[in-house]
Amino acid sequence: MLYEEMLQTPTGAFRVVTDETGRVRRANWADREPMSERPQTPRAPSAAAKAFAAYFAGDISALDGLEVETGGTGFQRQVWAALRRVPAGATVSYKDIAVAIGRPSATRAVGLANGANPAALVVPCHRVIGADGSLTGYGGGLERKRWLIEHERAAAVRAAA
């Protein structure tokens, strides 16, 4: 059974789908990915919904402990696992991720896996930027990507102070 929750965030309505064990199955902005399944609404907010709310409130490490069950190919899961190791407030390039998974020539494949990420923010694909430091495409839109990176950097600075 799947459970769907909708959160209001500074970047728009955000949908979180979890399974019966609380693992995140899908997470994305409601205007970017209409759901094809018909999940149930949980009786009380899930741990995942609470973690997303905490993240948007400034606790940028709130999503770190969430479990995901995303499916995907073995290669995609390697990329997504590497993305989860990128600290909040930091950014990397596709090449950095390719090197991190031991596939330095797979930059394009890393980009495709990044774009197929079904669990936005938990698998922080927004932290991937161009090799020249520019913002590159993002399924949630570049304005959201900019907001997320700035949100994380500001929170990281506050935490370090």
Under 3.5 Å, sequence neighbours excluded: what are the donor-acceptor pairs made by side chains of residues 106-116?
none

Sequence neighbours excluded, which residues qualify as side-chain hydrogen bond (donor to acceptor under 3.5 Å, both in side chains) partners of [X]?
| X | answer |
| --- | --- |
| Ser46 | Glu5 |
| Glu152 | Tyr55, His126, Arg127 |
| Ser105 | none |
| Glu143 | Arg146 |

message = Determine whether Ile101 and Phe75 satisfy the following criterion, side chain to side chain contact (heavy atoms under 4.5 Å, CB included), listing intermediate values before the conclusion.
response = CA-CA 9 Å; Ile101 64 170; Phe75 179 81; 3.6 Å; yes
task = Mind jotting down which residue pairs meet the side chain to side chain donor-acceptor pair (under 3.5 Å) criterion with at least one end in residues 83-100? Sequence neighbours excluded, please.
result =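 Applying side chain to side chain donor-acceptor pair (under 3.5 Å) to every pair that reaches into residues 83-100, excluding sequence neighbours, yields Thr91-Arg153, Ser93-Asp96.
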inquiry  = Given 3.5 Å as the limit, does a donor-acceptor pair link the side chain of Glu150 with the main chain of Trp147, or not?
reply    =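 No; zero donor-acceptor contacts below 3.5 Å.
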Let me confirm one number: the [atom1]-[atom2] distance from [X] to [Y], rounded to the nearest 0.5 Å.
| X | Y | atom1 | atom2 | value |
| --- | --- | --- | --- | --- |
| Arg15 | Asp31 | CZ | CG | 9.5 Å |
| Ile60 | Leu121 | CD1 | CG | 12.5 Å |
| Phe52 | Thr9 | CZ | OG1 | 10.5 Å |
| Cys125 | Leu83 | SG | CG | 7.0 Å |
| Glu67 | Thr18 | CD | OG1 | 12.0 Å |

Side-chain donor/acceptor pairs under 3.5 Å, residues 134-142, sequence neighbours excluded:
{"unit_1": "Ser134", "atom_1": "OG", "unit_2": "Asp132", "atom_2": "OD1", "d": "2.6"}
{"unit_1": "Thr136", "atom_1": "OG1", "unit_2": "Lys145", "atom_2": "NZ", "d": "3.3"}

Not counting sequence neighbours, which residues clear side chain to side chain contact (heavy atoms under 4.5 Å, CB included) with [X]? List them please.
| X | value |
| --- | --- |
| Arg158 | Ala154, Ala155 |
| Ala90 | Val86, Pro87 |
| Ala57 | none |
| Ala13 | Met6, Gln8, Ala30 |

If hydrophobic clusters are built by linking Ile, Leu, Val, Met, Phe, Trp and Tyr wherever their side-chain heavy atoms come under 4.5 Å apart, do [X] and [Y] end up in the same one?
| X | Y | value |
| --- | --- | --- |
| Val92 | Val99 | no |
| Val68 | Val79 | no |
| Val123 | Phe14 | no |

key: Flag side-chain contact, heavy atom, 4.5 Å: Glu4 against Arg26   =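 Not touching, per the 4.5 Å side-chain cut-off.
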key: Residues forming a salt bridge (charged side-chain N to carboxylate O under 4.0 Å, His left out) with Asp19, sequence neighbours excluded   =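 Salt bridge (charged side-chain N to carboxylate O under 4.0 Å, His left out) check on Asp19 returns Arg23, Arg25.
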Intermediate values then yes/no, side chain to side chain contact (heavy atoms under 4.5 Å, CB included), Leu63 and Val24 = CA-CA 10 Å; Leu63 305 176; Val24 175; over 6 Å; no
ask   = Any side-chain donor-acceptor pair under 3.5 Å between Trp80 and Thr70?
value =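 Their side chains do not contain a donor-acceptor pair, so the 3.5 Å distance test is not met.
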